[in-house]
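Input: a single structure, listed below in structure tokens.
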Amino acid sequence: MTTETQKYAPGTHPDLPPPVSTTGIIGWLRKNLFDGYVNSLATLFALYLLYLYIPPLFNWAFIDAIWSSPSSDSCRVDGAGACWAYVGSRFTQFMYGFYPSELYWRPNLAGLLLIALMIPLFIKSFKYKWYLAGFILVVYPLIAWILILGGWFGLELVETAKWGGLMLTLILSAVGIVAALPIGIILALGRRSEMPIVKSVCVVFIEFWRGVPLITVLFMSSVMLPLFFPEGTDFDKLARAMIGITLFQSAYMAEVIRGGLQAIPKGQYEAAAALGLSYWKSMTFIILPQALKLVIPGIVNTFISLFKDTTLVLIIGLFDLLAIIQQAGSDAAWLGFETEGYVFCAAVFWMFCFSMSRYSIALEAKLHTGHKR
Amino acid sequence: MSEHESGIKPSKPAVWNDPKYRALFFQVLLVLGLGYFFLTIIDNTLSNMQARGISTGFAFLDEAAGFGIGMSLIEYTEENTYGRTFFVGLLNTLLVSFLGIFFATVLGFVMGIARLSHNWLIAKIAMLYIEIFRNIPVLLQIFFWYFAVLAALPSVRQSLDLGAGIQLNTRGLYLPAPVPEGGFSIVLLLFFAGIVGSFFVARWARKRQEATGQQFPVFYASLGLIVGLPLVVFLLLGSPLSWDYPELKGFNFRGGVSVIPELLALLLALTIYTGTYIAETVRAGINAVSHGQTEASLALGMSRGQTMRLIIVPQAMRVIIPPLTSQYLNLAKNSSLAVAVGYPDLVNVFMGTTLNQTGQAVEIVFMTMAVYLLMSLGISAFMNWYNKAMALVER
Amino acid sequence: MSENQYIVEMNGVHKWYGDFHVLKDVNLKVEKGERIVICGPSGSGKSTAIRCINHLEEHQQGQIIIDGTELTGDLKHIEAIRREVGMVFQHFNLFPHLTILDNLTLAPIWVKKMPKDEAEDIAMKYLDRVKIPEQAQKYPGQLSGGQQQRVAIARSLCMNPKVMLFDEPTSALDPEMISEVLDVMVELAEEGMTMLCVTHEMGFAKKVANRVIFMDGGEIIEQNEPLEFFDNPQSDRTKLFLSQIIQH
């Protein structure tokens with residue numbers, strides 16, 4: 001440790017740069033990667049593992065990959081990497097399922113309409129956010145339904161059995177969340193009620209749907225729902241799945257909203273009551289707006305879980321993205337390329353889920369600072 | 001000016017506005033409504049089932065099943081009853097759940113702690129693991145392992161020899177099965193005695209420390225008792241343990257313990273997927289303990305190891321255990337995805353095959369859901385108890 | 001080798017946080033029994049300086065010598081020094097999952113390998129000293145801020161340190177609890193404990209300190225005995241600082 005050769009008058013010492021061995025690249029390496037024996041060994045081992053696996057993976061996925069080809073022949077050549085041509089050839093099917101290709105403009109329009117409607121929600125200065133949200137949650141689903149199903153306004157009917165792929169995944173998730181929201185609010189309020197019967201009914205409902213796996217719910221709605229209704233009612237397979245998913249999600253949604261209701265300080269409830277507002281008025285105008293805003297990150301997280309869970313409808317015979325890809329793997333012309341299909345499917349899901357979770361984290365940070373007292 | 005008389009009676013509101021009766025009135029309405037709803041459903045269900053010729057009641061549980069099951073922990077053949085299929089499925093579910101919980105916990109804790117490492121590379125690798133596998137649906141991961149990886153394994157004739165008698169091929173993983181001989185029971189006894197003994201050693205060491213202040217290496221002593229001593233005796237007795245190696249006879253391997261590929265795929269996917277959530281829980285738990293605790297402990301002269309053991313881990317565990325039990329429950333529920341790859345778990349065997357054959361949807365769905373509900377309520381009860389027992393005492 | 005005249009010695013100590021030069025040529029010599037108050041605006045490096053003394057922060061240049069032992073990266077030295085140096089934190093940092101008594105006996109049992117009875121006797125003695133013996137079986141969450149800080153002081157004293165470091169001990173307390181903690185610190189000083197206090201409590205400085213040090217921008221600007229320091233500040237920056245703080 002060298003001592004200072006130059007003394008400065010008190011208060012005049014300049015800012016000196018730090019010693020070389022502690023900063024810059026060398027300093028960073030020493031501190032973060034080679035800090036002691038154990039860490040150095042771990043770093044070397046990790047680097048070795050990365051060297052073993054990453055380059056071959058990269059080669060397979062990108063460098064040696066076949067990106068487009070009319071048939072599978074070029075993919076079966078020795079040394080060929082991933083056959084993305086297979087994905088390319090089935091791409092529209094992966095996206096839309098068995099929807100007639102000449103009618104793609106209808107789901108496309110519905111999707112574009114949704115994106116267009118959602119843009120103002122992200123503009124800070126937009127004043128009618130709550131009205132817009134209400135419109136999106138209530139009116140838009142009807143519009144989308146008519147567009148995609150058809151049978152009205154001169155649009156050709158496309159039965160739900162033909163819906164599939166990413167389109168179906170998105171529809172299932174969106175309907176699940178939108179339908180589960182009002183039910184979840186009622187359940188959350190009911191669970192906090194002081195009326196014993198109301199509270200018990202809500203608790204039983206919530207704990208039941210949260211305690212059973214989604215598969216059993218889907219099986220139940222697929223097998224048992226037709227039994228519940230008078231004989232002869234024809235039950236659309238997709239509708240059965242949607243009912244099951246909605247009931248299932250509403251229980252999780254109820255718990256998320258309940259968390260928000262609990263976070264509202266008691267003073268808010270008291271102030272609303274003191275102003276003479278009835279239970280429903282105080283809920284609608286004071287409590288719920290605050291609670292829902294608080295739990296938007298929680299709702300987004302529930303949406304992410306639901307988005308992943310929609311893959312389960314494969315088991316009751318609906319053709320979501322995973323199901324379509326799974327089924328495409330048995331196509332005789334492209335046999336043996338299941339891996340590419342799975343990787344593509346994983347990439348799509350990952351992209352959606354990762355972006356949504358980043359958004360949720362950013363939202364949480366923003367809302368948290370707003371709520372700090 | 002109106003006159004105020006004492007004893008003026010307040011006007012009586014209508015029944016539905018009177019706060020005293022309103023709650024009661026509303027709840028009575030609710031009960032009636034729900035009652036009507038359920039009665040209608042039950043009525044419809046019964047008449048529908050009658051129309052389709054489906055019987056009701058649980059008598060079917062005593063009928064012969066007539067189908068085989070790919071893997072069973074208890075004796076099972078086609079002549080066994082449907083009731084027995086329930087237990088076979090249940091045991092298979094419990095098997096994959098417990099194994100999954102064990103491996104996922106190990107992986108999750110390792111990755112969670114790695115995520116907090118000062119080593120940038122290790123921390124980033126852990127982060128990649130968590131971020132990648134958390135955002136891919138577990139069903140997709142199961143398919144990937146089963147259809148893409150395990151299907152690519154060589155056939156039985158060209159089985160991969162992983163050494164130590166372990167064989168890996170498309171029919172599954174074959175492990176040598178231990179066959180205990182003569183003196184092995186003594187070794188086993190010593191092992192269990194060692195576990196019990198280490199409790200006593202720990203207690204004795206604690207009392208000694210309280211009395212004299214001297215510390216005793218309890219961990220190493222326990223290790224010696226549980227592992228070392230039985231091992232020494234084992235060797236002295238001439239290693240009374242032989243192995244039943246899986247051997248290729250004809251078209252399949254005989255002997256040893258086999259793990260079917262369905263179980264392998266399910267286990268791999270569940271472990272890796274749930275591991276990510278456990279890792280995040282562990283990370284959050286350790287971060288929840290404020291850094292000031294570490295500083296105060298180090299400032300008192302305690303070592304890093306003592307700080308971890310006595311200060312950080314106890315506080316972190318409070319935060320980790322409740323969400324951890326939720327993850328365990330999720331894993332158990334996700335094991336029901338076994339039906340997608342044909343692993344004979346409870347849903348697949350009972351709510352799948354048995355339901356298809358008997359058509360008695362109501363009873364079967366009820367029984368299956370009851371199992372999961374019991375599991376989930378049990379875990380909730382445990383969590384509530386744990387939270388109450390461990391709550392930090394405050395004003 | 002000089003005799004250990006100084007119990008704490010800092011020679012030419014520099015510290016950087018990344019590129020930020022946070023301690024610039026800090027030179028400090030503390031004799032046994034001295035009471036030193038370090039004051040200065042926030043960000044001046046005063047907390048960092050005393051945290052370097054028990055190696056909660058690591059210095060990159062210069063020497064720090066505690067009671068003859070130099071503070072290097074050597075773990076053995078660090079642990080030996082921490083046994084002799086006690087620290088009281090702004091946010092108390094009591095261990096919430098242990099009782100008050102266990103908070104106090106933890107280090108004597110595990111670091112000094114004391115039998116439990118002996119440790120508990122010492123603990124009760126110090127709890128008495130800080131005037132809250134009845135709280136021994138309670139948990140930190142049940143105590144007020146002032147009581148918690150007094151427990152924190154007792155916890156450090158149980159290790160029988162040669163030097164006590166105080167990092168803004170009363171800054172997180174409600175006003176009515178400040179005096180109960182300051183009283184304990186005054187008593188400690190009168191019994192001859194070597195103390196380094198980072199604090200804004202100037203009344204305490206006037207009463208008890210041998211020396212008041214003013215730090216700003218990572219450097220020691222001025223040091224003097226309290227009366228001189230407050231009545232005749234030499235540097236402009238010291239004058240500015242003194243005019244800004246309210247004196248108790």
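Every chain is numbered from 1, with letters handed out A, B, ... down the list of sequences.
With a threshold of 4.5 angstrom between heavy atoms, C/F95 approaches chain B through its backbone and through its side chain. For B/R309, the part lying near chain C is the side chain, with the backbone staying farther off; criterion is any non-hydrogen pair under 4.5 Å. Heavy atoms of B/A299 lying under 4.5 Å from chain C belong to its backbone as well as its side chain. Only the side chain of C/L56 has a heavy atom closer than 4.5 Å to any heavy atom of chain B. Contact of B/S303 with chain C is made through backbone and side chain together, with heavy-atom distances under 4.5 Å. Using a 4.5 Å cut-off between heavy atoms, C/H91 makes no contact with chain B at all. Interface remark: C/D117 contributes backbone atoms only to the contact with chain B (heavy atom separation under 4.5 Å). For B/L300, the parts lying near chain C are the backbone and the side chain together; criterion is any non-hydrogen pair under 4.5 Å. When heavy atoms are compared at a cutoff of 4.5 Å, B/Q293 approaches chain C by way of both its backbone and its side chain.
Taking all atoms of both residues into account, the shortest heavy-atom contact from C/Y139 to C/L98 is CD2-O, 3.5 Å. The minimum heavy-atom distance linking B/Y129 with B/T271 is given by the pair OH-O, 4.3 Å. Between B/V289 and B/A316 the shortest heavy-atom distance is CG2-N, 3.7 Å.
With respect to the salt-bridge test (charged N to carboxylate O, under 4.0 angstrom), the residues B/R283 and B/E280 qualify. Under a 4.0 Å N-O distance rule, the pair C/R51/B/E295 qualifies as a salt bridge.
Of the listed residues C/Q90, C/E79, C/R155, the one with more heavy-atom pairs under 4.5 angstrom with chain B than any other is C/R155. Contact tally against chain C (heavy-atom pairs below 4.5 Å) for B/Q306, B/Q215, B/M302: the top residue is B/Q215. For the options C/L106, C/I78, C/L165, C/V88, heavy-atom pairs under 4.5 Å to chain B are most numerous at C/L106.
Distance alone, capped at 3.5 Å, is enough to place a donor-acceptor pair between the C/K112 side chain and the C/M159 backbone.
The environment of NZ in C/K29 is crowded: more than 12 heavy-atom neighbours from other residues, nucleotides or ligands sit within 6.0 Å. Within a 6.0 Å sphere centred on CZ of B/R208, heavy atoms belonging to other residues, nucleotides or ligands number more than 12.
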